[in-house]
Asker: 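Quick one: structure below, then a few questions.
In what follows, every heavy atom counts, from backbone to side chain, and hydrogens, waters and symmetry copies are set aside. Keep in mind the model is a prediction, meaning the values are calculated, not measured. Below, chains carry the letters A, B, ... as their sequence lines are ordered, and counting in each starts from 1.
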There are 2 protein chains.
Amino acid sequence: MNLPIGELARRTGVKVPTIRFYEQIGLLPQPPRTEGNQRRYGKAEVNRLNFIRHSRELGFDVDDIRGLLEMSSQPQASCHQADSIARNHLAEIDRRIASLRALRGELSRMVEECTHGRICDCRIIEVLADHSQCKAEHAH
Amino acid sequence: MNLPIGELARRTGVKVPTIRFYEQIGLLPQPPRTEGNQRRYGKAEVNRLNFIRHSRELGFDVDDIRGLLEMSSQPQASCHQADSIARNHLAEIDRRIASLRALRGELSRMVEECTHGRICDCRIIEVLADHSQCKAEHAH
DNA sequence: TACATACCTTTAGTCACTAGAGGAATGTCG
DNA sequence: CGACATTCCTCTAGTGACTAAAGGTATGTA
């Protein structure tokens with residue numbers, strides 16, 4: 001359990017330069033180094049990095065993650081902060097899912113029409129342009 | 001129908017600087033200008049920009065959109081290019097939906113546990129760290 | 001001990017915007 | 001007609017979250 005950065009990368013699915021980047025912006029602590037100045041990591045870093053990766057996949061941004069990580073170091077102190085971060089993301093995720101599902105339907109219909117359509121006059125552009133009004137309000 | 005850029009922005013939900021940016025990278029054509037050098041747009045630009053915005057929301061990148069826009073100018077020539085672009089995105093969208101749905105479940109469970117949990121020992125961090133292994137393979 | 005491989009730092013590039021400075025045009029009200 | 005708020009103009013630089021490349025050093029195996 002004295003992993004070089006490449007091993008940490010392999011075990012977490014996070015690329016080597018990204019790990020160094022995370023250290024640079026303070027998401028990962030500076031690990032101990034070998035004589036020759038190479039980083040060595042332990043089990044804690046594997047967990048922490050897995051947490052970071054998964055959070056990024058969930059759509060949390062770096063500041064959110066920083067917050068969550070801080071909280072985890074003060075176990076029960078500020079649970080409802082974590083809750084509110086998660087809650088916000090839940091709403092956002094619901095919005096994204098709804099949007100993607102609607103658009104998936106559109107897209108698959110377009111593909112259908114396009115492949116089996118006569119004269120290949122698929123309306124992909126028109127469809128995308130038409131349906132765009134009905135969501136004009138929610139920026140993101 | 002001789003809209004200044006702000007009106008175009010209002011009608012499409014795309015911000016003014018973003019419109020200028022789209023012109024700069026060639027997604028929007030250079031519109032005619034007034035005596036005093038201000039851009040004036042017509043109905044065609046409203047459509048085109050709506051199409052662009054909606055495509056971006058779908059997750060198409062600028063190159064894809066450029067491709068789609070080119071195709072739309074040569075009506076039936078290369079429909080199966082549009083088809084393949086759309087098809088690729090269909091797969092990607094399915095992946096994203098699946099991922100979001102899984103994570104939504106996790107997140108909402110966490111929120112539940114956290115709000116109603118005793119002693120407020122919510123496991124948000126642990127949950128995020130634990131579940132991260134089972135998706136280590138699919139990057140992005 | 002030679003050598004491939006993995007590591008190091010630093011700088012610059014990517015994508016799709018977004019913000020700000022400093023100034024000119026437009027349109028409305030008196 | 002003139003003052004004035006608002007919108008517009010260009011240009012440069014900054015953002016977030018990486019990713020790539022250059023040029024050089026450690027590590028570990030044959």
Asker: Given atom CD of B/E23 and atom C1' of C/dA16, what is their separation to the nearest angstrom?
Answerer: 17 Å

Asker: Main chain of B/T12, side chain of B/R53: is a donor-acceptor contact present, judged purely on distance under 3.5 Å?
Answerer: yes

Asker: Starting from P on C/dT26, measure out to CG on B/L3 and report it in whole angstrom.
Answerer: 16 Å

Asker: Nearest-Å distance, CD (B/E7) to C1' (C/dT26)?
Answerer: 14 Å

Asker: Mark up nucleotides 10-30 of chain D, 5' to 3', with B wherever a protein heavy atom is under 4.0 angstrom from a base atom, S wherever such an atom reaches only the sugar-phosphate, and - elsewhere.
Answerer: B------BBS------SS---

Asker: Which atom names give the shortest non-hydrogen contact between B/P31 and B/E23, and what distance separates them?
Answerer: CD-OE1, 3.5 Å

Asker: Check the distance between C/dT9's C1' and A/Q30's CD and give it to me in whole angstrom.
Answerer: 14 Å

Asker: Would you find a donor on one side and an acceptor on the other, under 3.5 Å apart, between the side chain of A/R48 and the backbone of A/I52?
Answerer: no

Asker: Determine whether a donor-acceptor pair (N or O, by modelled atom type, separation under 3.5 Å) exists between the side chain of B/E7 and the backbone of B/P4.
Answerer: no

Asker: Mind listing the closest non-hydrogen atom pair of A/R20 and A/R39 along with its distance?
Answerer: CD-NH1, 3.5 Å

Asker: So, using side chain to side chain contact (heavy atoms under 4.5 Å, CB included) as the criterion, who are the partners of A/D61 when residues are at least two apart?
Answerer: A/D63, A/D64

Asker: Nearest whole angstrom, please: distance from the P of C/dT18 to the CD1 of B/I19.
Answerer: 12 Å

Asker: Atom CD1 of B/I25 and atom C1' of C/dA16: how far apart are they, to the nearest Å?
Answerer: 7 Å

